[in-house]
Amino acid sequence: MPNKYSPVKNTHLEVRLITQRSLTALVMMGILALILILRLGFMQLAQHTLYTTLSKKNWLDLIPLEPTRGLIYDRNGLLLAENTAVFSLDIVPYKVASFPKMLADLAKIVALSDTDIAQFQHLLKQHRRFDELTLKLHLTEAEVARFYENQYRFPGAIVKARLMRHYPQGESFSHVLGYVGRINLDELKEIDTSNYSGSNYIGKAGIEKFYEDELHGAVGYQQAETDASGEPVRVLNQIHPIPGKNLYLTLDSHLQKAAEEALAGHRGAVIAIDPSTGQVLAMASVPNFDPNLFVEGIRSQDYQALQQSPDHPLYDRTVHGLYPFASTIKPFIALAGLNTGVVTAEDTIFDPGWFRLKNSTHYFHDWQHQGHGTVDLHKAIVSSCDTYFFHLASLLGIERIDAILQQFGFGKATDIDLDDELIGNIASPLWKKKVKGIAWYPGDTLNSGIGQGFMQTTPLQLAAGVATIANRGIRFTPYLVLAQQTPGKLWVKRKPTALPPVHLNSESWEAVITAMQDVFDSPEGTAHRFSQGLTYKIAAKTGTAQVYSQKVNRRESTLRANQDNMPEYLRDNSLIIAFAPVDKPKIAIAVVVENSHLAGTVARKVLDAYMISRTNNTTSSRGLSAGSRLDTLDPADKPRDDVSSSAKHEGSPNTLNNPEKNYAF
């Protein structure tokens, strides 16, 4: 009979199981220990530098130091752009637990506008969380004191003393200087972010934008020991920032303000150039704006007011304004006619007040209904005879008209040191076919000969063109920065950049310049009414560009009455190009006044300001004093009295009055 009792436990089996489990645990523990030892060895040896750096970052911080932005002066040392000290409230986002709560609490001790908060929230989306972002600029002393009393409540918020851009001349110089503003997302993608790690602002327009690299400088750094809250305790090492360069412009502040005052109440532009160097002496676009509004971030209502103004104050007419040449084109057409031999200075036509192409029934009217009678080239320029230039344009053809204009730089950028310069348009049959999709007609050539039709230019191009006439063909690139200076070092002057000259015979130059002089001097001259009291000689050419086409009574002695009865924005634009003195030109100008006939008045005021008034004025300065260092720079080469001449085209007939041509008029 089997044993009815079974064993309660198997001792040998249990011992075997415990032994196996213990060995497995020991092996696993050994493997884990080995992994731990290898990991520690890897971290201690292979990654020693990394973890040493991370360890130091627990008590060291690298603080970027913003470089001081370079100052901008005029040629006499008048300060145009400076840096002023302000207190700002900055936020380091990663230290803030709740932005809504922090902003609500801060608003109780610091006046925060909706614009401040909106701009800060915009910055949050653009920057990294450990970047310092400005919440409010220009804290008052009382606000600074209240913040320091409550600073413990706002981790991540700090008050910093910083330098802010300021334009002491206000609206004056605004288009040429431009302005700085907060760096936006598109700009962040293009700039060297490491060099802007301490900067929130960048040049947005004008000189501030074009010379951003020179004005900004290079960022510096502080290696600082920090406490448990991340606040600096002491500076261990420092790399000083490199300040931006100071710029001295070619602009004469007295002349600039004279130009702006002459244009006051109107829309227009004035460019004045030294013909012997290409230095821009004045560059005024009116109306203008206050660039200080843009530095801190312009309010939306202020920006909308500027944008929606019918006067377009943000529009720089000097380089962005495209205008018909009008009659200012006539000296250039005359030079083409003389130099190619198509016409001589003695050739005459009879002007009955209109011109008609052969086999055409269309009449091209002169601005003077009764005509100018017998007209030679001199009289045609002095009295601005359209009929003469209709004839001359028909003889030259559009190809030779285009060729002479291109030699003077029209239809291409002048390469002035500003961004976004427009190039205008020198019309041609190929251009019209490509852009308009229709053929070129002989009438288009006639319109081009008096600066109408498809021809467009900028005031800057006109000024550069008349400067070339003043120089008898010698050309220079217009430029705005006269010298650069690294703080503590000597300035470096820019040398004029010569361009390919316009090679015409000296007789052509003198014939046209003499006629331009009589535009002021002769009683028949279109600018004679502006010549009273002149003590120096001016050579000029006026122009009137139609804005709105209307039917007028051609039998009226003047068309002014038609203009005065029209709405202002539909009235003609007036233009003038001029240089003085005639024998040794020191200044060449171009003036455009929109919807007004006052270009001649403006030109006379500007020329007087340079030729007469400037000698009786001194310019105060917080930079260089007037007449000091920059005025002692080596003078640029003076223009020669003439240039090498080129022969007339052989066989080109002087047939402006040739009966074989059989032109009807």
What one should report as the nearest heavy-atom pair of R317 and A269 is CB-CB, 3.9 Å

Of L293, L80, L177, which meets side chain to side chain contact (heavy atoms under 4.5 Å, CB included) against Y167? L177

F173 side, atom CZ; L251 side, atom CG - distance, nearest 0.5 Å: 6.0 Å

Does the pair Y248 and Q485 meet the rule for a side-chain hydrogen bond (donor to acceptor under 3.5 Å, both in side chains), with working shown? CA-CA 8 Å; Y248 294 88; Q485 179 195 35; 3.2 Å; yes

Using a 4.5 Å cut-off on heavy atoms from C-beta on, say whether the side chain of R165 contacts that of Y179. no

Do R494's NZ or CZ and the ring of Y479 fall within the cation-pi criteria of under 6.0 Å and 45°? yes

Rounded to the nearest 0.5 Å, what's the gap from CG on L314 to NE2 on H320? Could you check? 11.5 Å

Any salt bridge linking K605 with D608? Criterion: basic side-chain nitrogen under 4.0 Å from a carboxylate oxygen. no

L462 and L575, any side-chain heavy atoms less than 4.5 Å apart: yes

For a 4.5 angstrom cut-off between non-hydrogen side-chain atoms, does Y536 reach I612? yes

For the residue pair W509 and V502, establish whether any side-chain heavy-atom pair is separated by less than 4.5 Å. yes

Can a salt bridge be assigned to the pair R69 and E212 using a cut-off of 4.0 Å between side-chain N and carboxylate O? yes

Might you work through the side-chain hydrogen bond (donor to acceptor under 3.5 Å, both in side chains) test for Y73 and N246, ending with a clear yes or no? CA-CA 8 Å; Y73 301 90; N246 298 328; 5.0 Å; no

Reported NZ-to-CD distance for the pair K204 and E187, which is rounded to 0.5 angstrom: 3.5 Å

So F120 and K136, side-chain contact (heavy atoms from CB on, under 4.5 Å) or not? Walk me through it. CA-CA 8 Å; F120 175 73; K136 179 180 174 61; over 6 Å; no

Salt-bridge test for R75 and D252: reply yes if a basic N is under 4.0 Å from a carboxylate O, no otherwise. no

Contacts of type ring-ring contact (aromatic ring centres under 6.0 Å, His included), residue F332, not counting sequence neighbours: F408, F410

Do you know the tightest heavy-atom contact between M283 and Q256? N-OE1, 2.8 Å

Please assess E208 against I72 for the test side-chain contact (heavy atoms from CB on, under 4.5 Å), listing each intermediate value before the final yes or no. CA-CA 9 Å; E208 292 277 25; I72 304 177; 4.1 Å; yes

I538 and A578 have their tightest heavy-atom pair at CG2-CB, 4.0 Å

Regarding R475 and Q407, is there a side-chain donor-to-acceptor distance under 3.5 Å anywhere? no

Find out whether I513 and V582 are in side-chain contact, i.e. whether some heavy atom of one side chain is under 4.5 Å from a heavy atom of the other. yes

Can you give me the closest heavy-atom contact between A258 and A609, atom names plus distance? CB-CB, 3.5 Å

How far apart are the C-alpha atoms of Y610 and H254, what are their side-chain angles, what is the distance that settles it, and do they pass the ring-ring contact (aromatic ring centres under 6.0 Å, His included) test? CA-CA 8 Å; Y610 191 76; H254 171 67; 9.1 Å; no

Which atom of P487 lies closest to which atom of P243, heavy atoms considered: CG-CG, 4.0 Å

Provide the closest heavy-atom pair for T458 versus T318 in the form atom of the first, atom of the second, distance. CB-O, 3.9 Å

Between H175 and F289, is a ring-ring contact (aromatic ring centres under 6.0 Å, His included) present by the stated rule, with each step listed? CA-CA 8 Å; H175 287 104; F289 61 94; 5.2 Å; yes

